[in-house]
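Structure record follows, encoded as structure tokens.
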Amino acid sequence: MQFVDETSITVEAGRGGNGCLSFRREKFVPKGGPDGGDGGHGGNVYLIGDESLNTLIDFKFQRFYKAQSGQQGQGRQMSGKAGDDLHVKVPVGTTVIDEDTLEVIADVTAEGQVVLVAQGGRRGLGNIHFKSSTNRSPRRTTPGTEGERRKLRLEMKVMADVGLLGLPNAGKSTLIRAVSAAKPKVANYPFTTLVPNLGVVKIGTHEHFVMADVPGLIEGASDGAGLGLRFLKHLTRTRLLLHVVDAAPFDESDPVAAVEAIARELEQFSPTLAELPRWLVINKLDLLPTEDREARVADIVSRLGWQGPVFRISAISSDGTGELVQAAHRWLTEQRQLENDDEEAAEREREMRRRMEAESVARVEAHQTRLRVKRGEVVEEFDDDDDDDDHDVEVEYVR
């Protein structure tokens with residue numbers, strides 16, 4: 001199955017039915033008067049969250065959705081039938097954006113959540129509404145109005161409590177395999193992971209949280225390099241970031257530089273995202289001699305000036321992963337309890353989510369504008385000195 005996490009569609013609500021111009025004509029009822037009925041309202045278009053969907057692939061093949069129009073009014077004061085509403089299922093975690101105004105219409109974050117995205121047209125009135133003592137035979141009706149038409153951008157973001165980030169081959173996929181039932185592809189070359197993977201991490205019998213393995217980021221990701229811009233937005237749904245770093249890179253690169261490069265990309269993509277709690281997870285310590293491991297960790301932490309939690313693990317052998325997931329679970333539980341008990345804390349969390357969403361939309365739109373300018377689709381002056389767009393590729397991601 002193809003993994004598609006963003007697409008554009010057009011929705012159009014139904015048109016309202018016209019009012020009817022009619023007069024009562026029956027035997028033995030001369031001059032029966034007006035009896036034109038009203039038209040029916042046009043149908044609305046709704047989006048509904050569906051947890052059984054995990055991709056927007058269906059919208060790649062059908063991009064236009066229209067609700068039913070209302071019927072016209074009829075004689076004998078009969079109103080036309082209202083148009084049926086159209087309900088379109090989307091994956092839970094979908095953000096709905098108006099492409100013309102860049103307004104975030106809604107976040108579909110729950111099973112069964114219903115979002116109105118196009119309002120149906122109003123019905124027209126029949127001539128029965130216009131009779132009066134001075135106008136016994138009105139020939140006036142009103143037409144139904146057009147239904148709302150909108151072009152929408154759908155962006156699906158994985159719903160997870162904890163997000164893994166880091167350079168390619170840092171060991172993120174191995175970590176999620178070690179602590180959950182998820183089985184992402186693991187190999188000894190970069191960009192093994194091409195789509196986000198979700199894993200449910202169980203703590204005891206009834207407790208669990210969801211972890212997301214996001215494809216590896218590289219420098220320039222916030223400007224579209226590699227796979228970064230496409231997947232950075234998935235991190236905006238998480239509460240906690242685990243920054244996985246390779247303690248012994250095969251190319252002998254500097255782990256500190258790797259951490260700093262990813263931190264810069266987070267800041268450029270969304271300053272609010274960069275403020276999320278982020279823990280340092282130093283992986284692949286099994287590749288170092290036992291006596292050198294603590295010295296390597298101390299060196300990395302010292303040069304980074306890291307003030308947050310630090311975890312030492314070897315994902316392939318599961319060393320240290322138990323302590324990591326237990327700590328993450330405790331932190332998540334405490335945060336949820338705080339938000340349940342303190343309305344101000346809950347509001348701060350919601351406001352932070354709104355800021356991240358706005359910054360994410362703005363960053364993606366700026367990147368798309370640069371691409372349109374580069375292709376000559378937008379005729380305007382634009383500072384395009386940044387050569388990062390040379391990294392852009394059109395990729396279809398296949399599960």
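Quick note: numbers below take in every heavy atom, side chains included, and nothing from hydrogens, waters or symmetry partners. Computed from a prediction, not measured in an experiment: that's the story for all the values here.
- Residues V310 and I300 are not in side-chain contact: their nearest non-hydrogen atoms beyond the backbone lie 4.5 Å or more apart.
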R354 and V104: CA distance, side-chain angles, deciding distance, side-chain contact (heavy atoms from CB on, under 4.5 Å) verdict
CA-CA 9 Å; R354 287 192 287 267; V104 177; over 6 Å; no
For residues 271-286, which side-chain donor-acceptor pairs fall under 3.5 Å, sequence neighbours excluded?
from: T272; atom 1: OG1; to: R355; atom 2: NE; distance (Å): 3.4
from: T272; atom 1: OG1; to: E359; atom 2: OE1; distance (Å): 3.1
from: T272; atom 1: OG1; to: E359; atom 2: OE2; distance (Å): 2.9
from: R278; atom 1: NH1; to: H243; atom 2: ND1; distance (Å): 2.9
from: N283; atom 1: OD1; to: A315; atom 2: N; distance (Å): 3.0
from: N283; atom 1: ND2; to: A170; atom 2: O; distance (Å): 3.1
from: K284; atom 1: NZ; to: N169; atom 2: O; distance (Å): 2.7
from: K284; atom 1: NZ; to: D246; atom 2: OD2; distance (Å): 3.3
from: D286; atom 1: OD1; to: S314; atom 2: OG; distance (Å): 2.7

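- For the atom pair CG (L324) and CE (M211), the distance works out to 6.0 Å, reported to the nearest 0.5 Å.
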Salt bridge (charged side-chain N to carboxylate O under 4.0 Å, His left out) for R353 and E349? Distances and angles first, verdict last.
CA-CA 6 Å; R353 299 292 161 188; E349 177 71 16; 2.7 Å; yes
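- A heavy-atom distance below 4.5 Å is not found between the side chains of V201 and V210.
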Output a table of donor-acceptor pairs, distance under 3.5 Å, between side-chain atoms of residues 76-92 and any protein atom two or more places apart or on a different chain; print 'none' if there are none.
from: D85; atom 1: OD1; to: N44; atom 2: N; distance (Å): 2.8

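- Annotation for F23 and R139: closest pair CE1-NH1, 3.8 Å, computed over non-hydrogen atoms.
- Heavy atoms from other residues, nucleotides or ligands lying under 6.0 Å from CD of E351 number more than 12.
- We find the CZ-CZ distance between R336 and F209 to be 9.5 Å, quoted to the nearest 0.5 Å.
- Contact check for L125 versus F130: side-chain heavy atoms found under the 4.5 Å cut-off.
- Closest heavy-atom contact between F64 and R149: CE1-NH1, 3.6 Å.
- T94 is not listed as a side-chain neighbour of L47, based on a closest heavy-atom distance of 4.5 Å or more.
- In this structure, the side chains of E207 and H329 come closer than 4.5 Å at one or more pairs of heavy atoms.
- Criterion: ILVMFWY side-chain heavy atoms under 4.5 Å apart, direct or through other members. Under it, M352 and L266 are part of a common hydrophobic cluster.
- Residue I313 holds its CD1 atom at 4.5 Å from CG of L175, rounded to the nearest 0.5 Å.
- Here the shortest heavy-atom pairing between L21 and P138 reads CD1-O, 3.7 Å.
- Listed by first then second residue, pairs satisfying salt bridge (Lys or Arg N to Asp or Glu O under 4.0 Å) with a partner in residues 105-132 read D38-R123, D107-R237, not counting sequence neighbours.
- For Q307, the CD atom is loosely surrounded, since the number of other residues' heavy atoms within 6.0 Å does not exceed 12.
- Proximity of a side-chain donor or acceptor of R293 to a complementary backbone N or O of L288 within less than 3.5 Å is detected.
- Every residue two or more places apart in sequence or in another chain that forms a side chain to side chain donor-acceptor pair (under 3.5 Å) with S253 is listed here: D251.
- Between the side chain of R312 and the main chain of G320, no donor-acceptor pair closer than 3.5 Å is present.
- By the 4.5 Å heavy-atom criterion applied to side chains, D254 and R303 are counted as neighbours.
- A continuous path of ILVMFWY side-chain contacts below 4.5 Å connects L152 to L56, so both sit in one hydrophobic cluster.
- Residues satisfying the side chain to side chain donor-acceptor pair (under 3.5 Å) criterion with S132, sequence neighbours excluded, are T134.
- Judged purely by distance below 3.5 Å, without hydrogens or angles, the side chains of Q62 and D58 never pair a donor atom with an acceptor atom.
- Side-chain contact between V162 and L242: present, with at least one pair of heavy atoms (C-beta onward) separated by less than 4.5 Å.
- Under the side chain to side chain donor-acceptor pair (under 3.5 Å) criterion, E267 pairs with no residue at all, not counting sequence neighbours.
- Here the shortest heavy-atom pairing between G43 and A67 reads O-CB, 3.4 Å.
- Nearest heavy atom pair, residue G75 against residue S22, reads CA-OG, 3.5 Å.
- Put simply, the side chain of R150 never gets that close to the backbone of D98: no donor and acceptor are under 3.5 Å apart.
- Interatomic distance, NZ of K151 versus CG of D100, reported as 8.0 Å (0.5 Å rounding).
- Between A247 and P255, the shortest heavy-atom contact is O-CG, 4.2 Å.
- With values rounded to the nearest 0.5 angstrom, L164 atom CG is found 5.5 Å from D213 atom CG.
- Linking ILVMFWY side-chain heavy atoms closer than 4.5 Å, directly or via other members, places V256 and V301 in a single hydrophobic cluster.
- If you take CG on L154 and CD on E99, they are separated by 9.0 Å, rounding to the nearest 0.5 Å.
- Among E339, E343, E344, the one residue that satisfies the salt bridge (charged side-chain N to carboxylate O under 4.0 Å, His left out) test with R350 is E343.
- Under the 3.5 Å distance criterion, the side-chain polar atoms of Q113 are matched with a main-chain donor or acceptor of T109.
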